[in-house]
Amino acid sequence: QVHLVESGGGLVQAGGSLRLSCAASGRTFSYYALGWFRQAPGKEREFVAAISRNGGSSYYTDSVKGRFTISRDNVKNTVYLQMNSLKPEDTAVYYCAANLDYTTNMRGYDYWGQGTQVTVSS
């Protein structure tokens, strides 16, 4: 079992930055690949970014490439999502998730946090 808790969301103006954190407890953090997903009002949850177990590989959805960076600290048991040049369309609840396999498939993730709200004003 892995318990995930997100933090760092908030209200920011377009063009601004936020850094989301997701702290994990439970089983060995480094066993798991990690992902960030988001869900905007009235829309389905979608993939944002994923990072492999050792942090050597990462993948992003096209709409955030060049603006968002996923990283992890296997000593602090934390995964981060640095979000720069934020746009109003980035407004959503952001979730982190853990899975033994490195994948962009939401259905492949076994453990989820409760989410943190990110609101980008125009």
Less than 4.5 Å apart, side chain to side chain, heavy atoms only: is that true for V48 and M83?
no
R67 and D90, any side-chain heavy atoms less than 4.5 Å apart
yes
Would you say W36 and V79 make side-chain contact, with heavy atoms under 4.5 Å?
yes
Write down the atom of V93, the atom of G115, and the distance for their closest heavy-atom approach.
CG1-CA, 3.8 Å
Do Y60 and L86 share a hydrophobic cluster (ILVMFWY, side-chain heavy atoms under 4.5 Å, transitive)?
yes
If two hydrophobic side chains count as joined below 4.5 Å and joins carry through other members, does M106 share a cluster with Y95?
yes
Determine whether I51 and L81 fall in the same hydrophobic cluster, where Ile, Leu, Val, Met, Phe, Trp and Tyr are linked whenever their side-chain heavy atoms lie under 4.5 Å apart.
yes
Would you call the rings of Y32 and Y111 parallel, tilted or perpendicular if under 30° counts as parallel and over 60° as perpendicular?
perpendicular
Side-chain donor or acceptor of N99 paired with backbone N/O of T104 under 3.5 Å:
no
More than 12 heavy atoms of other residues, nucleotides or ligands under 6.0 Å from CD of Q13: is that the case?
no
Indicate the atoms forming the closest heavy-atom contact of A24 with F29, along with that distance.
CB-CD1, 3.4 Å
Specify whether F37 and Y109 have parallel, tilted or perpendicular ring planes, treating 30° as the upper limit for parallel and 60° as the lower limit for perpendicular.
perpendicular
Please confirm whether the backbone N or O of S58 pairs with a side-chain atom of Y102, one donor and one acceptor, at under 3.5 Å?
yes
How about Q117 and T91: do any of their side-chain heavy atoms sit closer than 4.5 Å?
yes
How about F47 and N105: do any of their side-chain heavy atoms sit closer than 4.5 Å?
no
Work out which heavy atom in C22 is nearest to a heavy atom in L4; give both atom names and the distance.
SG-CB, 3.8 Å
Looking only at atom types and distance, does a side-chain atom of E6 sit under 3.5 Å from a main-chain N or O of L20, one as donor and one as acceptor?
no
Donor-acceptor pair, T103 side chain versus D101 backbone, under 3.5 Å?
no
All heavy atoms of A98 vs all of L34, minimum pair found to be CB-CD2, 3.7 Å
Do Y31 and V2 have side-chain heavy atoms sitting under 4.5 Å apart?
no
Taking atom NZ of K87 and atom OG of S63, what is their separation to the nearest 0.5 Å?
8.0 Å
Is the side chain of R72 donor-acceptor paired with the backbone N or O of S52 at a distance under 3.5 Å, no angle test?
yes
Between Q39 and A92 (side chain of the first, backbone of the second, donor and acceptor by atom type, cut-off under 3.5 Å), is there such a pair?
no
Rounded to the nearest 0.5 Å, what's the gap from CZ on R38 to OG1 on T61? Could you check?
7.0 Å
For the student: nearest non-hydrogen atoms of G8 and L18, plus distance
O-CD2, 3.8 Å
State plainly whether the residues D62 and K65 are in salt-bridge range, i.e. N to O under 4.0 Å.
yes
Rounded to the nearest 0.5 Å, what separates atom OG in S17 from atom CZ in F68?
9.5 Å
Quick check for you: to the nearest 0.5 Å, what is the distance between Q114 atom CD and C96 atom SG?
7.5 Å
CG of N54 to OG of S30: how many Å apart, nearest 0.5 Å?
9.5 Å
Closest approach of V118 to G9 (non-hydrogen atoms, all atoms of both residues):
CG2-CA, 4.1 Å
Is the shortest side-chain heavy-atom distance between D73 and Y80 below 4.5 Å?
yes
